[in-house]
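In what follows, chains are A, B, ... by sequence order, proteins preceding strands, each numbered from 1.
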Number of protein chains: 2
Amino acid sequence: MDEAITDILKHNQLSVTDNRLKILELFHNNNKALSHADIEHLSGKNFDRVTIYRTLQTFVEKGIIHTIPTADNSIVYALCKEDCGEGHHHDDHVHFICDKCGTTYCLEQTSIPSINIPKGFSAHRVNVLVNGVCKNCRPS
Amino acid sequence: MDEAITDILKHNQLSVTDNRLKILELFHNNNKALSHADIEHLSGKNFDRVTIYRTLQTFVEKGIIHTIPTADNSIVYALCKEDCGEGHHHDDHVHFICDKCGTTYCLEQTSIPSINIPKGFSAHRVNVLVNGVCKNCRPS
DNA sequence: ACTTGTTTGCAACATCGTTGCAAAATTATT
DNA sequence: AATAATTTTGCAACGATGTTGCAAACAAGT
């Protein structure tokens, strides 16, 4: 399990460090999107703020994680699927943000519908954000 | 023209001040979404940063403008349509962000498609962000 | 084990956004 | 038209967030 995470780093020509292993582990253990602050808390405050910023930046560049825009304007990050690589992101799935618990999910199975945009505009990438209540916060 | 803007403020039970008139004017003159920084520059730096923050906040609460989430994580604001009011936003249109000039447009005429989300989740609001090249930046 | 190159942590800084409070402007009242 | 009551503004200070330079610590290759 730890070796799988190590492999991800090696495949992306990244040095294997405690910091990177720990952060990748957090993404694998929590099946949801994490903010910089989440990581700072979850990691037990062992790592410097700056290091976390730089690690996340590196992971985004390498295509290991992707960023998700949110309405309340905090950056959150989530693991990419297999087919993302350096400079090639293919995160064409819907993102769901729970208004109760604040959790952001990647709905991998929900594909993005096609959008008809006006003449003169050309679309390169579509982001769909759905706000609502997630299955854990659903009233019984 | 200036009176129309004054009316908007009065209809929302807001005092008519230079600041608010100027900011509303900027939104009417520039047919695109504006960031806090945009307003600071466009207004000629006559108003305090804090005042701009508070004015934008007030306008959002009153339903005069709405916020748009962006991938690069800067808040942008745009005018609401007629039917938005205090606590009632109905901005179900697509937002388009030009990757070249950075302009954010509200595509009022493009409606949001329905999204099938997994069981257990309930959707309340859908945000669609399209990135691409706008009609002004289109290569000839 | 040693060397090379990368990564980390610290310090300092820049930007962004918020809050409390007194002065100024706007609205309501007489 | 003048005054009183309320709202808004600007300033100062603060907190949170994100960035950069540089020396020490670490990982990878020989």
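With sequence neighbours excluded, the residues forming a side chain to side chain contact (heavy atoms under 4.5 Å, CB included) with V16(A) are T6(A), L9(A), K10(A), L21(A), listed by chain and number. For S111(B), the side chain to side chain contact (heavy atoms under 4.5 Å, CB included) test picks out no residue, with sequence neighbours left out. When the side-chain hydrogen bond (donor to acceptor under 3.5 Å, both in side chains) test is applied to D99(A), the partners found at least two apart in sequence or on another chain are N131(A). Qualifying side chain to side chain contact (heavy atoms under 4.5 Å, CB included) partners for I39(A), counting only residues two or more places apart in sequence or in other chains: I23(A), L26(A), F27(A), L34(A), I52(A), L56(A).
Looking only at distances, no side-chain donor or acceptor of N12(A) sits under 3.5 Å from a matching main-chain atom of L14(A).
Sorted by first then second residue, the salt bridge (Lys or Arg N to Asp or Glu O under 4.0 Å) pairs that include residues 112-122 of chain A, not counting sequence neighbours, number zero. Within the structure, every pair that satisfies the side chain to side chain donor-acceptor pair (under 3.5 Å) test and touches residues 33-43 of chain A, not counting sequence neighbours, is listed here: S35(A)-D38(A).
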Contacts table for residues 100-110 of chain B: side-chain donor-acceptor under 3.5 angstrom, sequence neighbours left out:
{"unit_1": "E108(B)", "atom_1": "OE1", "unit_2": "H93(B)", "atom_2": "ND1", "d": "3.4"}
{"unit_1": "T110(B)", "atom_1": "OG1", "unit_2": "N116(A)", "atom_2": "O", "d": "3.4"}

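Rounding to the nearest 0.5 Å gives a distance of 6.0 Å between OG of S122(A) and CZ of F96(B).
Annotation: of the two residues near DNA chain D, F47(B) and V50(A), the 5′-most nearest-nucleotide partner is F47(B). Between T51(A) and Y53(B), the residue anchored nearer the 5' end of DNA chain C, judged by the nucleotide with its closest heavy atom, is T51(A).
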Tabulate protein N/O versus nucleotide N/O from nucleotides 25-30 of chain D, keeping only pairs under 3.5 Å, one per line.
{"unit_1": "dA28(D)", "atom_1": "OP1", "unit_2": "V16(A)", "atom_2": "N", "d": "3.1"}

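Residue R54(B) is in base contact, counting any heavy-atom pair closer than 4.0 Å across all strands shown. Across all strands, R20(B) comes closer than 4.0 Å only to sugar-phosphate atoms, never to a base (heavy-atom distances). Residue I75(B) is classed as a sugar-phosphate contact, given heavy-atom separations below 4.0 Å to backbone atoms only.
Taking atom CG on L24(B) and atom P on dT8(D), their separation rounds to 14 Å, with Å as the unit. The CZ-P distance, from R49(A) to dT17(D), rounds to 8 Å in whole Å. Remark: P of dT17(D) and CD1 of I39(A) are 13 Å apart, rounded to the nearest angstrom. Atom CG in N19(A) sits about 16 Å away from atom C1' in dA24(D), given to the nearest Å. In this structure, D48(B) places its CG atom 10 Å from P of dA12(D), rounding to the nearest Å. Rounded to whole Å, the distance from NZ on K22(B) to C1' on dT8(D) is 19 Å.
Between its two ends, the helix from dA1(C)-dT30(D) to dT30(C)-dA1(D) turns its axis by 30°, counting five pairs per end and rounding to 10 degrees.
Taking all atoms of both residues into account, the shortest heavy-atom contact from V130(B) to A123(A) is CG1-CB, 3.4 Å. Nearest heavy-atom pair across T70(A) and S74(A) is OG1-O, 2.8 Å.
Between chain A and DNA chain C, the heavy-atom contact criterion of under 4.0 Å yields a 5' to 3' nucleotide range of dT6(C) to dA11(C).
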